[in-house]
Amino acid sequence: MNNKLYADVLVEVPGLFTDHTYQYQVPLKLVGIVQFGNRVKVYFGKQKVTGFVVGFSEKKAVEEVKEILDLADERPLFREDQLALARWLADYYFCSTVKALQSVIAPVLKRTVSRSVERIYSAVRPEQLPALREQMPRSPKRLAVLETALQHPGLRKRELATATGVSIYLVNQLCAGGMLRVETDLPTRDPYSQYKFINQAPVGLTGEQNRAVQDIAAALQQGGHRVFMLHGVTGSGKTEVYLRCIEQVLHTGRQAITLVPEIALTPQMVRLYKARFGRDVAVLHSRMSDGERYDEWSRIENGRAPVVLGVRSAILAPVPDPGLIIIDEEHEPSYKQEEAPRYHARAVALYRTQKCRGVLVLGSATPSLESYCRALPGGEYSLINMPNRINGKSMPNVQLVDMRREVQSGNSGIFSLILLQKLREKLHNKEQAIIFLNRRGFKTLVVCRECGLVLKCPRCEISLTYHTDGRLRCHYCNYRVQAPKHCPDCGSSQVGYFGTGTQRVELELAAALPGVRILRMDADTTSRKGSHEQILAAYSNGEADILVGTQMVAKGLDLPGVTLVGVINADSTLHMPDFRAGERTFQLLAQVAGRTGRGDKTGEVLIQTYTPEHYAVQAASRHNYLAFFQQEIAMRKEMGYPPFAKMVRLILYGRDDAVVQQAAEKIRAHLDRFAVGLSGGKIMIVGPAPAPLSRLKEDYRWHIILWSADYRQLRLVMERFCQATGGVAPGKELKMSINVDPMYIM
DNA sequence: AGCACGCCGACT
DNA sequence: GTCGGCGTGCTC
């Protein structure tokens, strides 16, 4: 008998950029046992590695074939459709199929072998608390821990400690003293077991909500692929629309995935879904343990959890037949993964709903230009507008403060006179305020403080940045020019370099407003796990008057006590060296404005800027998305930027600046050669230029950007390039990353 | 990633 | 003559 069986195996070798499968003979003992999707142990050269079985054949394609040594896991780890998804990811985002597959089944690969989990319960009954309080009046922290344990039974030690705001040491002590009971949990973990399923009486829908639900439900009934752009202002009740649509899709026997940005996946959000769908909900977020994530993953896989609520990576979940995918806040850049495979959840959602004839709903108050463009009349998406807030509340009043006038009238500080005055007013009325600034801006931005002029590259329309050699540089095309001493427009010598930090704001605020209580929230103060929540809790308890923070204070917060939001400098995002700077500024300002006026009193917003006439700032101040969209889209069209083009960004990085630059120049030459002789749309290639973050950690970074209205041609260039280089940059000490549809050019 | 093969300089 | 430098190229 010569009918031997061979398996096609994708080997897991880091650094091996190949979609090639290797044939291994299936040993007799494994015939009928090894299946598609199994992970197996094999020799690859002299090293023992694992690989994924992705096919079988009865003929061998090469002379020398080794045997599979053994199974790595008993059961198959993925289905055909998951491999197809991985292949699509690898193909579209230029990464290896193995890498993509590893991402697609990450929770399975990181699964812990039924590791038992310790859960903490109070050994004290609630009615014993008052007596204890008298017994140990000097231990308020201990009592607080007990209270938390009573309110939230079954937390982990660490969770209990952070939820109470004490150290884990204290929790351990209480366990040792017998006040807390430790239970070793069974392998089935339900991180949200404390949430009860409340079959809520459905709330009434507004007319707008009703229409949205009906449109989407009709599409779900029809069962074809459709995409809806749900453009609804903050507070227009999009979530209720999502919930109703999910109910609809469940009736058709299919499943639903809801994606929310990391910051929006709060316990409240989970509670909302749990209340409606109970155990049918699987939650996936990044702070779960590997074991918890795996448990949810299995419930999705075997169909027990038809409703998935999660962050970006949940789009890869093994939902058998997603009839509905919802992406809330679809414009959020966090939907783009910044490590390989560098996928955008929206693009994956599009692929998945196309493939299984499902409905995709993109919700946002400030849609991305890419999506809104397609939702215009005649586009592939259907637009649903929800322009009104459900409670009839009006949008807050936004006032622009022209900082050029402040400079002219002799105030060269961070705060305008009006902002200080308003802050004093709020303090006097015992109301709260948020001061927002964007530190992600570059110190190196050059602005004329008299007329507000920001120097831009004549070729790319991108802000020039200041370098220590005294020159200004374009980080797209490497255009260079001597930094002017006087403003080329108005001749003023008041040319400034920007970069104000939260710390400085905090200090100056304390100096300007004696006695004020300030909380600061930025990357420095929230590095510890749970500190983010702690700061917010303290602030909403009224422990501070002013919250000073970066990006993170802008998104998703619901603080009814806040009646004033001050934006220190809108220009720091507006003039970032990135073609999406205007879009992000508009989104950010719109978000920030949505943070106020959530309580009974109407809120107000003060935006300080040197360029109040800029359309992004103007439109944001009037809550006018359409006005912004029209101006921005005109600029994109003129420059040939996305959404009128597809973009690919290559980053070359390594320890030696000169080596990296040289390699980048070579690659550019390669690309030029691959681009010539193509019939079809023009391909733009710029760079190499130092990446805006030109030195990240130890590495020097150079980048090359390619874009074209004709994506087929662009792909062709990239395919040739990857084929020639194997996707790996030539030479050692040099690394390269490929980013398709990059969100940032930084 | 590893590990071979391979083609040039300085050593017992 | 050989040891070993690390530049290309392959691994079923």
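By convention in this document, chain letters (A, B, ...) are assigned in the order of the sequence lines, proteins followed by strands, and residues within each chain are numbered from 1.
Rounded to the nearest 0.5 angstrom, A/Arg357 CZ and A/Arg254 CZ are separated by 9.0 Å. Interatomic distance, CZ of A/Arg39 versus CG of A/Asp73, reported as 4.5 Å (0.5 Å rounding).
Although no hydrogens or angles enter the test, the distance criterion places a donor-acceptor pair under 3.5 Å between the side chain of A/Asn38 and the main chain of A/Gln35.
Across all strands shown, A/Val65 has heavy atoms under 4.0 Å from sugar-phosphate atoms exclusively, and none from any base.
We find that CZ of A/Phe56 is positioned 19 Å from P of C/dC12, with the value rounded to whole Å. Taking atom OH of A/Tyr22 as the reference point, atom C1' of C/dC10 lies 7 Å away to the nearest angstrom.
A heavy atom closer than 4.0 Å to some atom of DNA chain B occurs in A/Lys46, A/Gln47, these being the qualifying members of residues 44-53 of chain A.
In this structure, a donor-acceptor pair under 3.5 Å is present between the side chains of A/Ser368 and A/Glu330. Checked by atom type, the side-chain pair A/Glu262/A/Ser334 shows no donor-acceptor distance below 3.5 Å.
The aromatic rings of A/His20 and A/Tyr22 sit perpendicular to each other, their planes meeting at more than 60°, with 30° as the lower class boundary.
No salt bridge links A/Lys355 with A/Asp81; every basic N to acidic carboxylate O contact stays at or beyond 4.0 Å.
Heavy-atom contacts from other residues, nucleotides or ligands closer than 6.0 Å to CZ of A/Phe36 number more than 12.
Note that the first and last nucleotides of DNA chain B, 5' to 3', having any atom under 4.0 angstrom from a heavy atom of chain A are B/dA1 to B/dA4.
The shortest distance between the side-chain N/O atoms of A/Tyr24 and the OP1/OP2 oxygens of C/dC12 is below 4.0 Å.
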